[in-house]
Amino acid sequence: MRYSRAFIPTLRQLPADAQAVSHQLMLRAGLIRQLAAGVYSFLPLGWRVMQKVMRIIREEMDRIGAQEFHFPALNPAEIWQQTGRIQTMGDVLFHIKNREGLVLAPTHEEVVAFHARQHIRSYRELPQIWYQIQPKFRNEPRPRFGVLRGRQFTMKDSYSLDADWEGLDRSYELHAQAYRRIFTRCGLRFFVVGASSGAMGGSASQEFMVESPAGEDTCARCSRCGYAANVEIARSAVEPTARLPESAPLERFATPGVRTIDDLITQHGIPEERCAKALVYIADGEPVLVLLRGNDELNEAKLQAVLGAAALRPATPEELRQYTGASAGSIGPIGLPTPMRIIADERLRDANELVSGANADGYHYRHIDLRRDCRIDLYADVRTVQPGEPCPECGAALEVVRAIEVGHIFKLGTKYSEALGARFLDERGHERPIVMGSYGIGVERIIAAFIEQNHDEHGICWIPAIAPYHVHLLALGIERSDAVRQHSDELYSSLWAAGVEVLYDDREESAGVKFNDADLLGLPLQLIVSARGLEAGTVELKERRSGRRHHVALAEAVDKVAELLRALQEEPWTQPAH
RNA sequence: CGGGGCGUGGCGCAGCCCGGUAUAGCGCGCUUGGUUUGGGACCAAGAGGUCGUGGGUUCAAAUCCCACCGCCCCGACCA
């Protein structure tokens with residue numbers, strides 16, 4: 001491509017609305033432009049990157065025997081009603097207004113189960129892996145960080161259909177391997193975490209994470225043994241609350257003005273580990289009391305999973321008063337006027353000598369014995385892991401990092417096949433639901449995550465595998481040197497002939513402008529042709545990432561480019577961290 | 001959804017609080033001419049704006065008021 005004819009609108013200034021580095025650079029390098037909140041157009045350069053990433057995905061999916069489909073984004077609402085997700089997805093699902101009964105698909109489990117029901121009859125037709133790369137629509141309440149969280153985005157989604165759980169395990173493992181290869185080939189340093197299945201349902205799931213400050217997920221990770229988990233499910237080996245040998249009689253006492261656990265600690269000298277913090281949540285319309293130790297932080301995702309609730313939210317101040325008779329700060333498990341389920345964090349199991357609210361403003365109870373004084377319906381791990389807590393596997397200190405979720409694999413089970421009637425006959429002639437898995441990759445997120453990890457103050461640093469072009473050919477002073485023009489033109493042709501993708505800066509621009517644009521776009525190699533070099537019979541090769549420069553004879557330039565590209569693709573940092 | 005901020009040539013901003021400068025400025029970019037030429041050149045002359053939209057107040061609105069639209073940020077854990 002000749003730069004003089006290319007549509008590559010680079011920006012010198014930082015776009016005001018871009019927060020994340022990847023977002024800024026994608027705008028500045030002319031990869032994308034915003035059309036609306038969370039909706040982006042890919043410009044030619046950005047689309048070339050998308051296509052390269054999608055090609056890698058296709059190759060690796062095909063390698064595990066997956067078959068590519070193309071499912072419609074427009075879906076009949078009926079199949080979404082059959083699985084109940086028209087409710088559980090709520091506002092995230094786009095509904096078509098002027099044609100009742102159509103929605104825009106945010107994912108395709110329903111469609112896959114629909115077609116499986118149409119045609120899969122026998123165990124002999126299983127297993128199957130179906131995939132597609134296609135736009136997804138999600139009415140995100142808050143799109144963010146450019147292409148990292150959009151309302152329309154491109155997803156590689158695949159679905160495995162198996163006759164039994166052992167088959168699902170195999171399909172799942174095939175995907176895990178394919179995903180490792182995909183992200184590795186895309187140059188990402190990633191790690192894999194155990195994750196919550198959330199609204200998808202199912203038994204197990206893992207996320208592929210790229211550490212980045214722009215990430216919206218938080219993960220706990222052990223650097224010693226490799227334990228890693230999304231905080232939504234992460235555990236730690238914090239010490240439990242010790243049960244003291246004696247429980248003194250329950251006693252109500254006045255605590256005027258106490259609003260927080262810290263108030264209890266500072267004003268009444270209660271040790272933090274003897275405080276039981278009570279929260280009220282509304283789970284599918286029913287109030288639930290949650291007890292946590294001291295200043296432990298509730299993890300709503302864990303609580304939701306434990307309750308099996310479709311909807312979970314904190315109670316409003318009005319509901320607090322209605323259900324407990326008190327306001328925040330004076331709530332506790334003793335003497336609740338409204339009967340409700342009480343979930344206590346595992347850390348409080350069978351604890352005694354606790355202090356908690358008395359469900360009357362300005363009063364607390366002390367000497368609470370959870371065995372003696374109240375009925376705990378369930379002990380469960382519902383707290384949020386904090387940095388520095390001991391790893392549940394090996395006891396080393398956990399780190400907690402922000403990360404971008406680039407892929408997620410789920411063992412779904414039979415939720416969708418049962419809802420849509422996707423059944424088959426097994427070897428004995430019994431009808432059984434197909435066992436499904438579902439597996440997603442956010443294509444744009446791969447690109448944004450890559451840029452987050454591979455940039456410097458001048459711009460992006462691509463690797464050959466996903467760079468929009470391999471080589472940036474800079475003809476310096478092309479407008480006043482016939483030699484520069486002629487040799488640059490020849491290099492341009494011979495590089496393409498050698499299978500090298502070249503962006504040829506043939507513009508009549510100053511050297512500085514060309515250098516800066518080249519660094520911003522970040523193609524892995526820059527080939528610099530100048531009158532000065534040609535006098536000595538050489539051209540210059542610059543590796544974008546390292547800044548290494550090579551002066552090579554004009555006649556050897558094409559071979560040297562090919563050699564350097566091979567080396568750049570194989571540098572060790574393209575291997576995953578774990 | 002709650003809170004905050006912003007909307008002024010292509011981009012980044014000033015002007016608004018406290019209405020009135022007869023042609024709404026600045027930097028970058030763009031056009032033309034000249035000079036320059038290996039890290040975002042210089043000089044000169046130009047082009048380009050319904051001041052988000054609608055309504056209102058006023059002799060007079062980019063500026064004040066109301067509504068709407070759009071975009072960005074924080075939040076939607078700590079009782």
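Please read all numbers here as calculations on a predicted model, not as lab measurements. Here is how names work: the chains are called A, B, and so on, in the same order as the sequence lines, proteins then strands, and each is numbered from 1.
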(Q) Which residue in the set A/Leu370, A/Ile368, A/Leu354, A/Asp369 passes side-chain contact (heavy atoms from CB on, under 4.5 Å) when paired with A/Ser247? (A) A/Asp369

Q: Specify the separation, in whole Å, of atom CG of A/Leu320 and atom P of B/rA79.
A: 11 Å

May I have the list of side-chain donor-acceptor pairs in residues 278-293 of chain A shorter than 3.5 Å, sequence neighbours left out?
residue	atom	partner	partner atom	Å
A/Tyr281	OH	A/Glu300	OE2	2.9
A/Asp284	OD1	A/Ala310	N	3.1
A/Asp284	OD1	A/Ala311	N	2.8
A/Asp284	OD2	A/Ala310	N	3.1
A/Arg293	NH1	A/Thr241	OG1	3.1
A/Arg293	NH2	A/Glu239	OE2	3.3

Q | Nucleotide opposite B/rC6 in a Watson-Crick or G-U pair, distances under 3.5 Å | A | B/rG70

Q: Write down the partner of B/rA76 under the Watson-Crick or G-U wobble criteria, each distance required to be under 3.5 Å.
A: none

Q) Is there a donor on the side chain of A/Gln13 or the base of B/rG29 sitting less than 3.5 Å from an acceptor on the other? A) no

Q) Can you check the A/Lys514 NZ to B/rA41 C1' distance for me, whole Å? A) 15 Å

Q. Parallel, tilted or perpendicular: which describes the rings of A/Tyr3 and A/His472, with under 30° parallel and over 60° perpendicular?
A. tilted

**Q.** A/Arg366 to A/Phe253 six-membered ring, cation-pi geometry met (6.0 Å, 45°)
**A.** yes

Q) Would you say the base of B/rG40 and the side-chain of A/Ser510 have a donor-acceptor pair closer than 3.5 Å? A) no

Q: Compare side-chain N and O positions of A/Gln19 against OP1 and OP2 of B/rC74 and report whether any pair is under 4.0 Å apart.
A: no

Q) Is there a donor and acceptor pair, one atom on the side chain of A/Arg549 and one on the base of B/rG39, closer than 3.5 Å? A) yes

(Q) Taking B/rC11 as the reference, what is the distance to B/rG49 when you measure between their C1' atoms (whole Å, please)? (A) 14 Å

Q) Looking at A/Arg259, does any N or O in its side chain come under 4.0 Å of the phosphate oxygens OP1/OP2 on B/rC78? A) no

**Q.** Pairing nucleotide - B/rA61, Watson-Crick or G-U, each distance under 3.5 Å
**A.** none

Q: Calculate the interatomic distance between A/Leu27 atom CG and B/rC71 atom C1'; express it in whole Å.
A: 13 Å

Q) To the nearest Å, how far apart are A/Leu11 CG and B/rG29 C1'? A) 10 Å

Q. Nearest-Å distance, OH (A/Tyr281) to C1' (B/rC78)?
A. 9 Å

Q: Start with the C-alpha distance between A/His364 and A/Ser330, add both sets of side-chain angles, then the distance that settles side-chain hydrogen bond (donor to acceptor under 3.5 Å, both in side chains), and finish with yes or no.
A: CA-CA 6 Å; A/His364 281 70; A/Ser330 299; 4.9 Å; no

Q: Please measure how far the C1' atom in B/rG40 lies from the corresponding atom in B/rG29, and state the result in whole Å.
A: 12 Å

Q) Think A/Arg2 forms a cation-pi with A/Tyr504, using NZ or CZ under 6.0 Å from the six-ring centre and within 45 degrees of its axis? A) no

(Q) In whole Å, I'd like the distance from the CD atom of A/Gln386 to the P atom of B/rC78. (A) 14 Å

**Q.** Complementary nucleotide for B/rG46 - Watson-Crick or wobble, under 3.5 Å
**A.** B/rC30

Would you list the protein and nucleotides 30-33 of chain B atom pairs, both N or O, that sit under 3.5 Å from each other?
none

(Q) Distance check needed: B/rA76 C1' versus A/Leu298 CG, whole Å only. (A) 14 Å

Q: Take the protein atom CD1 of A/Ile331 and the nucleotide atom C1' of B/rA79, then report the distance between them rounded to whole Å.
A: 5 Å

Q: Choose from B/rG12, B/rA79, B/rG40 the nucleotide whose nearest atom is closest to any side-chain atom of A/Thr260.
A: B/rA79

**Q.** Side-chain N,O (A/Arg12) to OP1/OP2 (B/rG29) below 4.0 Å
**A.** yes

Q: Taking A/Tyr227 for its side chain and A/Arg235 for its backbone only, find out whether a donor-acceptor pair lies under 3.5 Å.
A: yes

Q | Who pairs with B/rA24 - Watson-Crick or G-U, where each distance is under 3.5 Å | A | none

Q.
Centre-to-centre under 6.0 Å for A/His23 and A/Tyr40, is that the case here?
A. yes

